[in-house]
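Reminder, nothing fancy here: chain letters follow the sequence lines and each chain counts from 1. Owing to the predicted nature of the structure, the values given are computational and were not obtained by experimental measurement.
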There are 2 protein chains.
Amino acid sequence: MSPKRVTIKTIAKEVGMSIMTVSRALNNNSNVNDQTKTKVQQVAKKMGYIPNHIAKSLVQRKTFTIGVVVPEIAHSFFQEVIRGIEEIAYDAGYHIILTHSAESFQREQLCLETLLSKRVDGILLSVAETVTDFKIYKELIRLKMPMVFYDRGINDIGISTVGIDGTKAAEILTEHLIGLGYMKIAHLAGPLHLSIGANRRQGYLNALKRHKIRAKKSYIVEAGLKEKQGYEGMKKLLNQTKKNPPRAVVAVNDPSAFGAIDAIKEAGLRVPEDIAIVGFADDIRSQLIEVPLTTVRQPAYEVGKVAADKLIKHIESKTEAVEDLVLNTELIVRKSCGWSKKKN
Amino acid sequence: MSPKRVTIKTIAKEVGMSIMTVSRALNNNSNVNDQTKTKVQQVAKKMGYIPNHIAKSLVQRKTFTIGVVVPEIAHSFFQEVIRGIEEIAYDAGYHIILTHSAESFQREQLCLETLLSKRVDGILLSVAETVTDFKIYKELIRLKMPMVFYDRGINDIGISTVGIDGTKAAEILTEHLIGLGYMKIAHLAGPLHLSIGANRRQGYLNALKRHKIRAKKSYIVEAGLKEKQGYEGMKKLLNQTKKNPPRAVVAVNDPSAFGAIDAIKEAGLRVPEDIAIVGFADDIRSQLIEVPLTTVRQPAYEVGKVAADKLIKHIESKTEAVEDLVLNTELIVRKSCGWSKKKN
DNA sequence: AAAAATATTGTTAACGTTAACATAGAAGAA
DNA sequence: TTCTTCTATGTTAACGTTAACAATATTTTT
């Protein structure tokens, strides 16, 4: 952008007025003579003036920019969330800087540092899987940086979270299995320090309890959110329950379920005849695989919209309440839970 | 972010040195005593210093930010492109501002104005469907704003474009139909002022010509890139060819094909028995619909990567050549082209 | 030991804008 | 007419940083 830049200074010289008048005229600010205003705006247009938001942001300490941290950009769930965020942000006159933590704690730190340096007005973040240290979130609170967690948050830390009721959804999912007659139900859990991990496990336990099924420690394996970890987790699970293998598995999410299915097949077992499985999140692939996966649909686009909306409220009013917003989920029954088969 | 901010000035006062020394120490710049450097860095950390990129950008006239304009954020193709862009940008130390033109010319103008005002270092853009006036692109060139088109570009305007060889891909697609025995092949074209529209139509015509099939004007309808437009276009096509309806249709893209399928069904015809159809782009839905769609897979993620890479080269070297980069496509044969049926 | 070179630190201005206060002129009120 | 109140514009400083040049202290060379 080399050709000698046009600034309000240039315009001021051209129209023979002070830069302040030009600034006011261009911002349609009060107390500028109508003639002056029109004149300035005409000249600005003619000269090809492009306002410099950087300078404006510096003096006003406001960028109209929202920082978004996504833990897994390849996941359709998050892509839809981004879409929701963009829509709301656009309507409110904000723009978004997109960053990607790739499920890495370190990289998440880096994303946040960048966003702070770029002086975004607020941050939307979904906690990376490998995060175990919440110091930086507390620091952000201390800095009064407006922030909202979406999908994956930290409880009782003073930051609003927008997501689903994972506990309830996992409970419904598990109860669905129980309703089909399964008694020996295992759980491939996610990271328990993340609310999604803890909640889904809790929902699983709640369902068992309600139906007076004793939870077995060996039936719960803390795996992870990725396909590979689901695979490893399932292998471990099969290994430690050889004498009494489960008849159904509640996986923490769909990718994890995909991995688990691989492990089940590898062990020479069939889904759902030998082991039924249900996932969580409704990944696009879930309906495409050989035995389509029973899962829970999360309203990704809505999550993005609501989170962005809440964040902007936080940004624009110091008194906006910190609260958790819970959106509805929907049970999607497909073949992997073996609804049409005999069970035991 | 209210608590009295720590700036290099604050630090300078604390360590009893000039702000310039502090600046140098923090930037690991040459010519600072090692002791001083360590001291300053320690104090900075202790005081919770957060560099202000806004101020830095202002003076250096460089933001390390890339502006991305996406025409349809709900489309999985573009979501994958974004993923590719993010990856390359991250590796090169750039961040991305994501904007959405929603296929609207006006809104695209707005996106570009914003990006200019935010002083991004470069712009990646895929032309919105309703764009017919290229003035602003020329203006960007004049401003020497580094820029690369991805997927949808404008020919011979002096801006690099990263995409696929739409002509060739459409030719292959059409030839596939011809190879299956179809002779009466129609085309639902996209906007012809966009390269993707023009190229795909050309490929369709090339294939016909090569096989000595006369192209009929009534068999070509300029529709649009969206599902609804495909629907309307197909209705029009059926209407204007009542005496001699086509046996196969080459749609400009998958959404358009979906719409066309609806129109075909609505007319009481079957796909592919009565009318075969092929799309373009491999939308995620293409394999899910009742009669899975034969289409062309475009390497979306790769497109994003290559485009970002090219843009960064443009940014970092004034002499980078303007050129069109062409990536390979892959024909995906599914049922909608009726490969297993009789044809005429 | 003086001169030259180098290493380290400091000073000033600039990036492009707006906030806050100041001023001049015009219009209205007394 | 004079005082007051607007209206329109101007002046100055600030936002937080770096570039360019200046100055000082230290080391090296001759």
Between P of C/dT11 and CE of B/Met17, the distance in whole Å = 12 Å
inquiry  = Quick check on DNA chain D: between A/Ile19 and A/Gln60, whose nearest nucleotide comes earlier from the 5' end?
reply    = A/Ile19
Spacing of A/Asn31 atom CG relative to D/dC6 atom P, expressed in whole Å = 12 Å
query = Under 3.5 Å, is there a donor-acceptor pair between the side chain of B/Asp121 and the main chain of B/Thr63?
reply = yes
note = Whole-Å distance, A/Arg24 CZ to D/dT11 P, equals 11 Å
note = Taken to the nearest whole Å, NZ/B/Lys37 to P/C/dT9 is 11 Å
query = Distance check: side-chain N/O of B/Ser18 vs OP1/OP2 of C/dG10, anything under 4.0 Å?
reply = yes
ask   = Over how many whole Å does the gap from A/Met20 atom CE to C/dT23 atom C1' extend?
value = 15 Å
inquiry  = I need the NZ-C1' distance between B/Lys56 and D/dT17, as an integer number of Å.
reply    = 9 Å
ask   = Can you find a side chain N or O atom of A/Thr21 that sits less than 4.0 Å from OP1 or OP2 on D/dG10?
value = yes
N/O (side chain, B/Ser23) to phosphate O (OP1/OP2, D/dT18) under 4.0 Å = yes
Rounded interatomic separation in angstrom, taking CG from A/Asn33 and C1' from D/dT9 = 10 Å
key: D/dA14 phosphate, OP1 or OP2, under 4.0 Å from A/Arg61 side-chain N/O   = no
inquiry  = Between P on C/dA14 and CD1 on B/Ile54, what's the gap in Å once rounded to a whole number?
reply    = 23 Å
